[in-house]
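Throughout, residue positions are numbered sequentially from 1 according to the sequence presented.
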Amino acid sequence: MSSRKLPAFNTAQMADISFLLLTFFMMTSAINVQQGIPRRLPPPSDGKTIVDINQRNIFQVIVNFNDDVLANGEVIPLNQLTPRAKEFLENPLNNPHLPEKDVRLIENMGEYPISKGVLSLQNDQSTSYNMYVQVQNELQRAVNELRDKVSLQYFGRKYELLDTTLQKAVQKAVPMNISEAPPSNYGKEE
């Protein structure tokens with residue numbers, strides 16, 4: 001009885017092809033990266049420094065467990081948040097109950113009255129994520145619309161169409177002062 005030779009299959013070329021295919025798919029695939037909501041965090045506290053903010057400079061937004069939006073204690077529809085936040089930050093009539101303004105020299109703009117207003121957001125622990133994002137978007141929209149207004153007034157173009165230098169000037173004139181407090185239990189019995 002003679003032994004029969006089994007046919008062999010050379011796998012060296014298959015390894016090369018597999019490696020090339022893997023490399024091709026890795027280089028051509030888009031990796032979906034989620035981005036967070038851009039916010040400037042406060043500097044670390046040394047525990048001794050007390051920050052004194054005039055109450056008139058704070059626009060308090062609270063979203064309760066029913067997803068109701070309260071602006072300075074008054075329940076408002078979500079679509080009213082952007083105009084209210086804009087009016088608060090802009091304080092066009094220098095209302096003594098709205099934020100103070102600090103006149104500063106801004107490169108490419110000259111002297112400009114910068115609002116000391118802060119949009120303070122606090123959610124309930126049971127606030128839906130959808131409502132949280134919608135409120136964040138409305139507050140961001142308020143700042144973006146004010147930046148567009150200043151940009152059009154000083155440079156004749158919308159903020160997003162400006163070069164980096166002019167965008168930085170507008171950012172100084174209309175800072176993104178959105179503060180977020182830790183979640184609470186608004187309206188629930190303890």
Side-chain angles (χ1 to χ4, degrees), residues 33-45 49-95 97-104 106 109 112-154 158-160 162 164 166-187:
V33 179
Q34 292 185 356
Q35 294 181 332
I37 300 172
R39 292 289 173 262
R40 187 174 358 146
L41 297 175
S45 173
T49 306
I50 298 173
V51 179
D52 187 26
I53 298 177
N54 190 338
Q55 198 59 35
R56 79 181 250 193
N57 294 336
I58 299 173
F59 184 73
Q60 188 173 27
V61 178
I62 297 172
V63 184
N64 69 14
F65 69 99
N66 284 330
D67 287 348
D68 295 325
V69 178
L70 289 84
N72 285 340
E74 177 187 348
V75 177
I76 63 168
L78 183 64
N79 64 359
Q80 287 298 308
L81 188 56
T82 296
R84 295 252 187 127
K86 279 175 52 179
E87 181 184 4
F88 174 81
L89 290 173
E90 194 173 28
N91 190 5
L93 303 175
N94 288 324
N95 184 331
H97 301 292
L98 295 178
E100 303 165 286
K101 294 181 181 179
D102 188 18
V103 178
R104 290 196 185 157
I106 299 175
M109 291 180 64
Y112 188 85
I114 301 169
S115 175
K116 291 184 177 182
V118 175
L119 304 174
S120 174
L121 173 61
Q122 187 168 25
N123 296 290
D124 185 83
Q125 291 177 349
S126 300
T127 299
S128 71
Y129 183 73
N130 182 40
M131 181 56 81
Y132 169 78
V133 170
Q134 287 183 57
V135 169
Q136 285 280 358
N137 287 343
E138 292 296 317
L139 296 177
Q140 177 97 32
R141 182 177 293 119
V143 173
N144 289 344
E145 287 179 9
L146 286 175
R147 284 180 175 174
D148 275 345
K149 182 176 180 180
V150 169
S151 179
L152 287 167
Q153 179 182 354
Y154 279 83
K158 285 194 165 199
Y159 172 78
E160 64 187 27
L162 298 176
T164 307
L166 298 180
Q167 281 185 348
K168 287 181 180 178
V170 174
Q171 288 172 6
K172 287 179 183 176
V174 184
M176 181 73 69
N177 287 336
I178 299 176
S179 153
E180 197 166 337
S184 183
N185 284 321
Y186 287 105

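Between Y112 and Y154, the angle of the ring planes goes over 60°, which puts this pair in the perpendicular group of the 30/60° scheme.
Judged by distance alone, the side chain of D148 and the main-chain N or O of Y159 form a donor-acceptor pair under 3.5 Å. A donor-acceptor contact shorter than 3.5 Å is absent between the side chain of K172 and the backbone of R104. No side-chain donor-acceptor contact under 3.5 Å links E138 to the backbone of N79. Side chain of S115 to main chain of E90: no donor-acceptor pair is present (N/O by atom type, distance under 3.5 Å, no hydrogens or angles). Listed for the R147 side chain is a donor-acceptor partner under 3.5 Å among the backbone atoms of V174. Although no hydrogens or angles enter the test, the distance criterion places a donor-acceptor pair under 3.5 Å between the side chain of N57 and the main chain of E100. Between the side chain of T82 and the main chain of R141, no donor-acceptor pair closer than 3.5 Å is present.
Atom CE of M131 sits about 5.0 Å away from atom CD of Q134, to the nearest 0.5 Å. Y129 contributes atom OH, which lies 9.0 Å from atom CD of Q136 (distance to the nearest 0.5 angstrom). Separation of atoms CG (N177) and CD1 (I58) is listed at 11.5 Å; rounding is to 0.5 Å. For the atom pair CD (E74) and CD (Q80), the distance works out to 9.5 Å, reported to the nearest 0.5 Å. Going from atom OG of S151 over to atom CG of L146 covers 12.0 Å, rounded to the nearest 0.5 Å. Taking CD of Q122 as the reference point, atom CG of L70 lies at 11.0 Å (rounded to 0.5 Å).
Under a cut-off of 6.0 angstrom, the local environment of NZ in K101 is crowded, with over 12 non-hydrogen atoms contributed by other residues, nucleotides or ligands.
The two atoms that bring V118 and S179 nearest to each other are CG1-CB, 3.8 Å, heavy atoms only. Residues A173 and M109 approach most closely at CB-CE, 3.8 Å, considering heavy atoms. What you find for I114 and P175 is that their closest heavy atoms are CG2-CD, 3.9 Å. Nearest heavy-atom pair, L98 versus R56, reported as atom, atom and distance to 0.1 Å: O-NE, 2.6 Å.
No side-chain donor from either of Q60 and S120 sits under 3.5 Å from a side-chain acceptor of the other. For the residue pair D68 and N64, a side-chain donor N or O sits within less than 3.5 Å of a side-chain acceptor on the partner.
Here the side chains of N123 and E180 are in contact, with some heavy-atom distance below 4.5 Å. Between M176 and Q140, some side-chain heavy-atom pair lies under the 4.5 Å cut-off.
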Please determine whether side chain to side chain contact (heavy atoms under 4.5 Å, CB included) holds for the pair L89 and F59, giving the CA-CA distance in whole Å, both sets of side-chain angles, and the decisive distance to 0.1 Å. CA-CA 9 Å; L89 290 173; F59 184 73; over 6 Å; no
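When each of T127, L121, D67, I62 is tested with V135 by the rule side-chain contact (heavy atoms from CB on, under 4.5 Å), just one qualifies, namely L121.
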